[in-house]
Amino acid sequence: MAAFILRRLLVTIPVLAGILFATFLIKALIPTDAVLALYSGKVTEQKAEAAIAAIRAKYDLDKPWYEQFASYAVKVAQGDLGESIRTRRPVADEIGFRYVNTMILTGAALLVAVLVGLTTGIASAYWKGSWIDEAAMAVGIMGISMPAFFFGLVLIYFFGVQLKWLPVIGTGDLRSLILPALTLGLIESAPLSRITRSSMLDVLSQDYIKAARAKGLSEAYIVLRHALPNALLSILTIVGLQIGGLLGGAFIIEVVFGWHGIGELAVKAIGWRDFTITQAIILISACTYVSVNLVVDILYAWADPRINHR
Amino acid sequence: MTHQTTPGTLAPAGTVDHRPRRSGLIRILRRLARHRSGRIGGAAVLVIILMAAFGSLLVPYAPLKIDMAHRLLPPGASHWFGTDELGRDLLSRVIFGARYLLLVGVYSTAIAFGGGVLLGLLAVAGGGWTDMLVMRLVDIMLAFPYVLLLLAIIAALGPSLTTAMVAVGIAGIPGYARLVRGEALSVREREYVDAMRVLGAGTLRITLGTILPSILPALVIYTSYVMPLAVLSASALSFLGLGAQPPLPEWGAMLVSSRSFLATAWWVVAAPGMAIFLSILGLNLFGNALRDVLDPKHS
């Protein structure tokens with residue numbers, strides 16, 4: 001098992017290096033000079049050149065790309081994400097609390113997605129072909145067709161504007177978390193429900209389920225204690241992959257609900273062309289996603305002794 | 001996946017017989033027409049195409065015409081979908097918006113399809129180092145959550161409708177590349193490919209003439225998943241202000257300015273929002289039917 005974890009960690013290294021290089025490319029590709037000149041303040045014609053030269057030196061733009069990449073990699077390894085071009089504050093200060101907010105939103109949405117997805121998936125597998133199954137199927141295809149931002153606005157209209165039950169905008173307290181987490185969680189529950197259904201169907205047709213029935217165990221016991229744990233293994237992998245969907249979805253939902261997370265900031269920073277912030281947010285989110293999947297893989301190997309730890 | 005007919009294997013060198021394929025196409029269309037979600041989805045797709053093609057003839061008002069005297073009018077006889085905060089007719093804007101949906105759907109899917117097929121076949125035909133390099137590139141792209149990959153590309157290229165289409169296209173490449181490589185590797189092991197090699201056919205000829213046609217059904221099925229997602233993503237980008245820019249009547253971009261009027265005028269959000277939702281639902285239903293027809297084992 002230790003060897004498996006080590007090997008899995010080693011495989012992650014080139015992926016992380018690739019992510020680092022890809023985020024580095026963001027700076028390399030955008031017309032950086034123009035952006036820097038934009039934020040260097042109003043300078044007179046003669047001073048402009050000197051100012052730009054100074055800024056180019058500060059952001060390593062006067063060096064060849066491989067030196068730029070090397071110094072970027074070293075800085076990131078030291079935990080230095082640079083400073084925002086727009087506000088001149090360290091990027092880590094700008095995104096620290098926002099990262100926590102995004103994780104809270106993603107976590108809450110994951111909870112909603114898993115609760116709703118598992119329940120409807122199990123129900124439609126158990127009552128296969130019934131109206132419950134048909135309804136879940138119809139809701140599922142609507143779920144994958146529904147743009148999250150529009151669904152968010154619909155929920156805002158009904159629960160915020162009409163019923164006035166919940167705040168429609170803001171960050172922090174539990175009440176303002178409900179609507180964004182529901183929006184994101186319900187949308188992401190649709191694919192999870194389909195996967196749960198098909199893996200439950202696989203398990204429910206196994207001989208040991210028939211054996212459990214023959215023993216006279218209650219149906220609820222059979223489904224929850226015999227079938228579900230076995231179906232959970234394949235569901236777990238999908239949940240790991242869905243974290244990516246949730247994280248990306250959170251970026252959009254944050255804009256809809258004015259939730260102060262890294263997604264909201266990333267979208268603004270792209271508009272401002274503040275590449276240090278954009279770079280840092282994309283780097284951190286991609287690393288989060290890779291780490292989560294690493295943990296899921298290890299959990300999977302730990303939970304299923306049949307897996308050959310190659 | 002079963003391949004009932006494999007064009008290129010029976011045809012003599014240099015000639016391709018199109019007749020069996022065409023009758024196959026008609027058979028597929030017939031089966032789609034008999035399929036319930038095929039009919040609904042097909043109708044939706046047809047409506048989008050008609051709106052995109054003849055939109056300028058259909059619209060009752062100019063989609064960009066500002067009319068402050070009639071701003072935020074609820075849906076009624078003169079404005080079926082109401083008017084927005086600048087008095088522009090929402091029905092006209094929704095009809096005009098269909099062309100952007102079609103544009104994005106076709107172009108970004110074409111980029112993803114073309115790029116993915118190219119990379120995937122390159123990996124298979126090249127083998128060894130080429131294969132490894134291509135697949136590592138694919139792995140790195142897939143290490144990013146999809147939306148983040150889009151944002152990274154747009155951060156580099158700058159926000160506009162064109163870059164949104166390109167970004168959605170590029171973000172779709174790794175999925176196609178992986179699929180093409182997997183399918184092509186299994187086709188390459190078939191006996192008829194060995195036979196061609198014995199007969200002296202080169203790698204290029206085998207890859208493009210034999211392998212590519214036999215993996216096409218799998219690619220079509222995959223595209224039925226990809227295209228709705230591409231359209232959805234592009235509209236999300238426009239909603240974030242990173243794609244089509246106002247005053248363009250693109251549905252996602254329409255929501256940017258309208259959403260602050262949600263509390264007092266729900267229709268300004270409902271018109272473009274429902275247009276996006278129903279179009280993507282139509283594409284998904286059509287895709288479902290297509291998958292049932294092309295791959296009966298699937299359902």
Side-chain angles (χ1 to χ4, degrees), chain A residues 11-12 14-19 21-23 25-31 141-142 144-151 153-154 156-157 160-162 168 241 243-252 255-256 263 266-271 273 275 278-279 281-283 285-290 293, chain B residues 37 41 44 136-159 225 228-229 231-233 235-242 251-252 255-256 258-259 262-264 266 268-270 272-285 287-288:
Chain A
V11 174
T12 310
V15 173
L16 289 178
I19 289 173
F21 189 70
T23 52
L25 276 181
I26 293 173
K27 178 180 131 185
L29 284 174
I30 74 170
I141 193 160
M142 284 197 246
I144 59 164
S145 307
M146 176 62 90
F149 52 92
F150 178 53
F151 188 49
L153 292 172
V154 170
I156 285 179
Y157 184 74
V161 177
Q162 290 293 317
V168 296
L241 293 173
I243 305 278
L246 282 164
L247 199 56
F251 275 47
I252 296 167
V255 174
V256 177
V267 170
K268 281 185 191 157
I270 292 175
R273 295 257 164 157
F275 61 78
T278 319
Q279 252 180 345
I281 290 176
I282 288 172
L283 180 68
S285 319
C287 289
T288 307
Y289 179 51
V290 170
N293 274 304
Chain B
S37 69
R136 285 299 82 76
L137 180 71
V138 166
D139 282 347
I140 287 163
M141 287 179 82
L142 290 175
F144 286 89
Y146 184 74
V147 173
L148 260 85
L149 190 56
L150 293 181
L151 292 186
I153 299 169
I154 287 177
L157 301 178
Y225 288 107
L229 182 67
V231 170
L232 186 67
S233 312
S235 70
L237 287 173
S238 298
F239 172 79
L240 296 176
L242 303 175
W251 297 334
L255 286 171
V256 178
S258 309
R259 72 187 175 102
L262 175 64
T264 49
W266 54 267
V268 292
V269 168
M274 287 306 285
I276 303 174
F277 170 53
L278 292 177
S279 316
I280 296 170
L281 186 61
L283 284 175
N284 274 324
L285 287 173
N288 256 0

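Quick note: numbers below take in every heavy atom, side chains included, and nothing from hydrogens, waters or symmetry partners. Every chain is numbered from 1 and lettered A, B, ... according to where its sequence line falls, protein lines coming before strand lines.
The contact between B/Leu255 and chain A is made entirely by side chain atoms (from C-beta outward), counting heavy-atom distances below 4.5 Å. Within the 4.5 angstrom heavy-atom criterion, no atom of A/Leu16 approaches chain B. Looking at A/Ser285, the atoms closer than 4.5 Å to chain B (heavy atoms on both sides) sit in the backbone and in the side chain alike. Of the two parts of B/Phe239, only the side chain, counted from C-beta on, holds a non-hydrogen atom closer than 4.5 Å to a non-hydrogen atom of chain A. Proximity to chain A is absent for every atom of B/Met141, based on heavy atoms less than 4.5 angstrom apart. The contact between A/Val256 and chain B is made by backbone and side chain atoms together, counting heavy-atom distances below 4.5 Å. In this structure, chain A has heavy atoms under 4.5 Å from both the backbone and the side chain of B/Leu151.
With values rounded to the nearest 0.5 angstrom, B/Leu150 atom CG is found 11.5 Å from A/Phe251 atom CZ.
Heavy-atom pairs under 4.5 Å with chain B were tallied for A/Ile144, A/Val15, A/Leu247; the largest tally goes to A/Ile144. Looking only at heavy-atom pairs under 4.5 Å with chain A, the residue among B/Ser37, B/Ala236, B/Ala270, B/Ser233 that has the most is B/Ala236. The most heavy-atom pairs under 4.5 Å with chain A, out of B/Gly273, B/Pro272, B/Gly252, come from B/Gly273.
B/Ala143 and A/Tyr289 get closest at one heavy-atom pair: O-CD2, 3.0 Å. For the pair A/Arg273 and B/Gly158, the tightest heavy-atom approach, listed with the atom from each and the gap, is NH2-CA, 2.7 Å. Between B/Leu148 and A/Gly248 the shortest heavy-atom distance is CD1-CA, 4.4 Å. Contact between A/Ser145 and B/Asn284 at its shortest, heavy atoms only, is OG-ND2, 2.8 Å.
Taking 4.5 Å as the limit, every side-chain heavy atom of A/Tyr157 sits out of range of all side-chain heavy atoms of B/Val269. Contact of the A/Phe149 side chain with the B/Ile276 side chain is registered, since non-hydrogen atoms from C-beta on lie closer than 4.5 Å. With a 4.5 Å cut-off on side-chain heavy atoms, B/Leu285 and A/Ile141 count as touching.
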